[in-house]
Colleague: 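I'd like to ask some things about the structure below.
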Amino acid sequence: MESFPKIISVDDHTVEPPHVWRDRLPSRYHDTGPRIVRAPLKEMTFIGGRFAPKMGAPGDDGPLADWWVYEELHRPLTRLDTAVGYDRDEVKLEAITYEQMRPGSFSVPDRLADMDVNHVQSALCFPTFPRFCGQTFTEAADRELGLLGVRAYNDWMVEEWCGPEARGRLIPLIIIPLWDAELAAAEVRRNAARGVRAVCFSEIPPNLGLPSIHTDDWDPFLAACDETGTVIAMHIGSSSRMPSTSADAPPAVGSTITFANCCFSMVDWLMSGKFERFPNLKVMYAEGQIGWIPYILERADVVWEENRGWGGVADKVLRPPSELFAEHVYGCFFDDAFGLRNLDAIGVGNVLYETDYPHSDSTWPKSREVGEAQMGHLAPDVVDRIVRGNAIDLLGLTADGLWAGAPGG
C-alpha cells in the first residue's frame, strides 16, 4: 500500500504505576488499598485457563517481583503483562519488576514514543491490576473501599493517563462497580460528563458470580450507556476464565481458542432482547478476532427463524440477529487474514483494528506491516474505515482521531 492510514488501536493495555491508588485513596486506606510490595515468587502456574501465583515471604528463595497486594489478593507483575520488545522465546510465565518492563507499559511519554514507532495515532487501553472489567474490586470484601478504588482508577485514567501529556492520543476506558448496577450507571454518567465514551464489562458475567444479561438486573447500567452513547467494551478473559478444555490442558490450547468466550457472549447479547430495549447500545469485543463471526450470524438467523417459537426469544428478539449485529456489535482484530477475506459476511462498518500493546500477542512494532499484508486486497476507503474510521465514529473522536474530551482539545 502506498499510504497505510495511521492506526487507532481499540485494544491496548496500561500497566498501572504504583502511585495510582496510593495518591487517590483516603489516608486511612493506605495500608489496605491496592499497593505495590516487592517480594519473591514462590510458585506460578497457568493451567486449564487459571492463573495461580504464590507470593513468598521476605528472605525466601525465588526471583523478586513487584506484587499488587489488596485484601487477600497477591498478584505479581508478569512478563505476559508486558512482553513487547522481547524475543518470543524469552516470553515466559515469569514474575517481574517495573524495572524489567518496557517503560511504555506504564509511562505516558514512553507509550506515545512506542506508538510512533508502530504507526499508531491513538489507543484505547484496558486495565491490568483491576483486570479487564474491574472485577478485582468486585471480588473484594470491603465494598466502600472497592467503590473508592473504582473511582480512583477512573480519575487516574481520565486525568493522568489520558491527561494533557497524552495530547488526545490516549482514549479513556473506565471500569464500574459491577456489584451494583445503579452505582455502575452513576459512574458511567459521571465520566460521560467529562467526555468518556467507553466502559469495560464482562463477556460472561455469570462466571464472576454476577447476573446474566438475560435478566433485568443490568438495565440501569445499560440505560446509562444507551443515554450517554457509552460503548460497552468486552475483552477476552473479562470473565476471569479463559477458554480451555480441561484442567490439565496446556496454555497453548486456550491461546488458540481465545475467541470462544466472545462467541458465546455475542450470542447472549443477540438473543437477549437488550438491543431492542436499548436502541442506541453499542458493544465491542476486544482481542476476539473476527473470522468466526460469519458462521455464528448465519446459525443465529436460522435458529431465530426456525426455532424462536420454542427457543425463548420470540417475544423479545423481533428482528434477525444478523440485523441486530450490524447495528450494535463490533469485532476487533489484530491478526486475522481469514476474517478479512470474508469481510463482506461481517460488514465493513463492524470491524475495528488493534495492536494489543504490550502483551505477548501484540503485533508491535509491525502492526502497519501486518495490516498491509492482510488488507492488501481491500479498497483504500475500506482499509481506512477498518484502521481508523469506524473507531472515530464509535468512540466519538475528532476527525483527526483524537479523544474529543482531552484537556486542551
Colleague: Report the distance from atom CZ of R197 to atom CD1 of I174, rounding to the nearest 0.5 Å.
Modeller: 12.5 Å

Colleague: With heavy-atom distances below 4.5 Å as the criterion, would you say the side chains of V231 and C225 are in contact?
Modeller: no

Colleague: Is the ring pair Y153/W156 parallel, tilted or perpendicular, if the boundaries are 30 and 60 degrees?
Modeller: tilted

Colleague: How close do P130 and E16 get, counting heavy atoms only, and between which atoms?
Modeller: CD-OE2, 3.4 Å

Colleague: Determine whether W218 and L178 satisfy the following criterion, side chain to side chain contact (heavy atoms under 4.5 Å, CB included), listing intermediate values before the conclusion.
Modeller: CA-CA 9 Å; W218 294 108; L178 291 160; 4.1 Å; yes

Colleague: Taking all atoms of both residues into account, what is the closest heavy-atom pair of D217 and A181, and its distance?
Modeller: O-CB, 3.2 Å

Colleague: Can you confirm whether more than 12 heavy atoms, excluding those of E72, are under 6.0 Å from its CD atom?
Modeller: no

Colleague: Does any N or O in the side chain of R385 come within less than 3.5 Å of the main-chain N or O of D381, such that one atom is a donor and the other an acceptor?
Modeller: no

Colleague: Tell me if the aromatic rings of F334 and Y353 count as close, with their centers under 6.0 Å from one another.
Modeller: no

Colleague: Is there a donor in the side chain of Y330 and an acceptor in the side chain of N390, or the other way round, less than 3.5 Å apart?
Modeller: no

Colleague: Quick one, L77 and V15 - any side-chain contact, counting heavy atoms below 4.5 Å?
Modeller: yes

Colleague: With a 3.5 Å distance limit and no angle check, can you tell me whether Q374 reaches the backbone of D336 through a side-chain donor-acceptor pair?
Modeller: yes

Colleague: Might you point out which heavy atoms bring A198 and L395 nearest each other, and give the distance in Å?
Modeller: CB-CD2, 4.1 Å

Colleague: Nearest 0.5 angstrom please: I346 CD1 to S322 OG, how far?
Modeller: 13.0 Å

Colleague: Check whether R388 reaches the backbone of K6 with its side chain - one donor and one acceptor, N or O, closer than 3.5 Å.
Modeller: yes

Colleague: If you take all heavy atoms of D356 and S9, which pair is closest and at what distance?
Modeller: N-OG, 4.3 Å

Colleague: Measure across M157 and T14 and return the closest heavy-atom pair with its distance rounded to 0.1 Å.
Modeller: CE-CG2, 4.2 Å

Colleague: Side-chain contact, heavy-atom cut-off 4.5 Å: D400 with I392?
Modeller: no

Colleague: Walk me through whether L340 and F333 qualify under side chain to side chain contact (heavy atoms under 4.5 Å, CB included).
Modeller: CA-CA 10 Å; L340 289 166; F333 78 99; 3.7 Å; yes

Colleague: Using the ring pair (Phe, Tyr, Trp, His ring centres under 6.0 Å) criterion, which residues pair with Y70? Sequence neighbours excluded.
Modeller: F137

Colleague: Walk me through whether W21 and Y29 qualify under ring pair (Phe, Tyr, Trp, His ring centres under 6.0 Å).
Modeller: CA-CA 9 Å; W21 289 275; Y29 288 120; over 10 Å; no

Colleague: H235 vs H13 aromatic rings, parallel, tilted or perpendicular, using cut-offs 30° and 60°?
Modeller: perpendicular

Colleague: Could you tell me whether a side-chain N or O of N342 sits under 3.5 Å from a main-chain N or O of G291, the two making a donor and an acceptor?
Modeller: no

Colleague: Please tell me if the side chains of F259 and F264 come closer than 4.5 Å, counting only heavy atoms from C-beta onward.
Modeller: no

Colleague: Under 4.0 Å between a Lys/Arg side-chain N and an Asp/Glu carboxylate O for R277 and D219?
Modeller: yes

Colleague: Between S362 and P358 (side chain of the first, backbone of the second, donor and acceptor by atom type, cut-off under 3.5 Å), is there such a pair?
Modeller: no

Colleague: With side-chain hydrogen bond (donor to acceptor under 3.5 Å, both in side chains) as the criterion, how do D81 and T128 come out once you've worked through the C-alpha distance, each side chain's angles and the decisive distance to 0.1 Å?
Modeller: CA-CA 8 Å; D81 293 330; T128 297; 5.3 Å; no

Colleague: If we ignore angles and hydrogens, is there a donor and acceptor under 3.5 Å between the side chains of D12 and T355?
Modeller: yes

Colleague: Can any side-chain N or O of W161 pair as donor or acceptor with the backbone N or O of L170 at less than 3.5 Å?
Modeller: no

Colleague: Could you tell me if the side chain of I8 sits less than 4.5 Å from the side chain of I171, heavy atoms only?
Modeller: yes

Colleague: Taking atom CD1 of I386 and atom CG of L378, what is their separation to the nearest 0.5 Å?
Modeller: 5.5 Å

Colleague: Quick one: pull up CD1 in I236 and CG in N261 and give me the separation to the nearest 0.5 Å.
Modeller: 8.5 Å

Colleague: Measure across A184 and F221 and return the closest heavy-atom pair with its distance rounded to 0.1 Å.
Modeller: CB-CD1, 4.0 Å

Colleague: Check whether E165 reaches the backbone of G163 with its side chain - one donor and one acceptor, N or O, closer than 3.5 Å.
Modeller: no

Colleague: Measuring from W68:CH2 to F129:CZ, what's the distance to the nearest 0.5 Å?
Modeller: 6.5 Å

Colleague: Could you tell me whether the side chain of I232 reaches within less than 4.5 Å of the side chain of L281, counting heavy atoms only?
Modeller: yes

Colleague: With rounding to the nearest 0.5 Å, note down the distance linking CD in Q135 to CD1 in I176.
Modeller: 11.0 Å

Colleague: Are any of the side-chain nitrogens in E227 or R189 under 4.0 Å away from the carboxylate oxygens of its partner?
Modeller: yes

Colleague: Is it the case that more than 12 heavy atoms not belonging to D87 sit under 6.0 Å from its CG atom?
Modeller: yes

Colleague: Mark yes or no for whether D384, through its side chain, and P380, through its backbone, hold a donor-acceptor pair below 3.5 Å.
Modeller: no

Colleague: For a side chain to side chain contact (heavy atoms under 4.5 Å, CB included) check, start with the C-alpha distance between K42 and M55, then their side-chain angles and the critical distance, and finish with the verdict.
Modeller: CA-CA 5 Å; K42 187 174 182 180; M55 180 177 171; over 6 Å; no

Colleague: For residues S367 and N118, is any side-chain donor paired with an opposing acceptor at under 3.5 Å?
Modeller: yes

Colleague: In terms of relative ring orientation, are H328 and F275 parallel, tilted or perpendicular, with 30° and 60° separating the classes?
Modeller: parallel

Colleague: Does the pair M266 and W292 meet the rule for a side chain to side chain contact (heavy atoms under 4.5 Å, CB included), with working shown?
Modeller: CA-CA 11 Å; M266 191 179 82; W292 53 273; 3.7 Å; yes

Colleague: What do the steps show when you test T82 against S105 for side-chain hydrogen bond (donor to acceptor under 3.5 Å, both in side chains), and what is the final call?
Modeller: CA-CA 7 Å; T82 172; S105 303; 2.6 Å; yes

Colleague: Are any non-hydrogen side-chain atoms of L124 and D11 less than 4.5 angstrom apart?
Modeller: no

Colleague: Walk me through it: do R169 and S122 pass the test side-chain hydrogen bond (donor to acceptor under 3.5 Å, both in side chains)?
Modeller: CA-CA 4 Å; R169 297 181 61 189; S122 306; 5.7 Å; no

Colleague: With the side chain counted from C-beta on, respond yes when I296 and V267 share a heavy-atom pair under 4.5 Å apart, and no when they do not.
Modeller: yes

Colleague: Residues in ring pair (Phe, Tyr, Trp, His ring centres under 6.0 Å) with Y285, at least two apart?
Modeller: none

Colleague: State whether the side chain of S265 and the backbone N or O of E203 hold a donor-acceptor pair below 3.5 Å, judged by distance alone.
Modeller: yes

Colleague: Under 4.0 Å between a Lys/Arg side-chain N and an Asp/Glu carboxylate O for R131 and E139?
Modeller: yes

Colleague: Does the pair K54/D60 count as a salt bridge with the N-to-O cut at 4.0 Å?
Modeller: no

Colleague: What verdict does the side-chain hydrogen bond (donor to acceptor under 3.5 Å, both in side chains) test give for H119 and E372, after you've listed the backbone C-alpha separation in whole Å, the side-chain angles of each residue and the deciding distance to 0.1 Å?
Modeller: CA-CA 12 Å; H119 199 66; E372 287 175 330; over 6 Å; no

Colleague: Just by modelled atom types, is the D142 backbone N or O under 3.5 Å from a matching donor or acceptor in the E71 side chain?
Modeller: yes

Colleague: So does E90 pair up with R79, basic N to acidic O under 4.0 Å?
Modeller: no

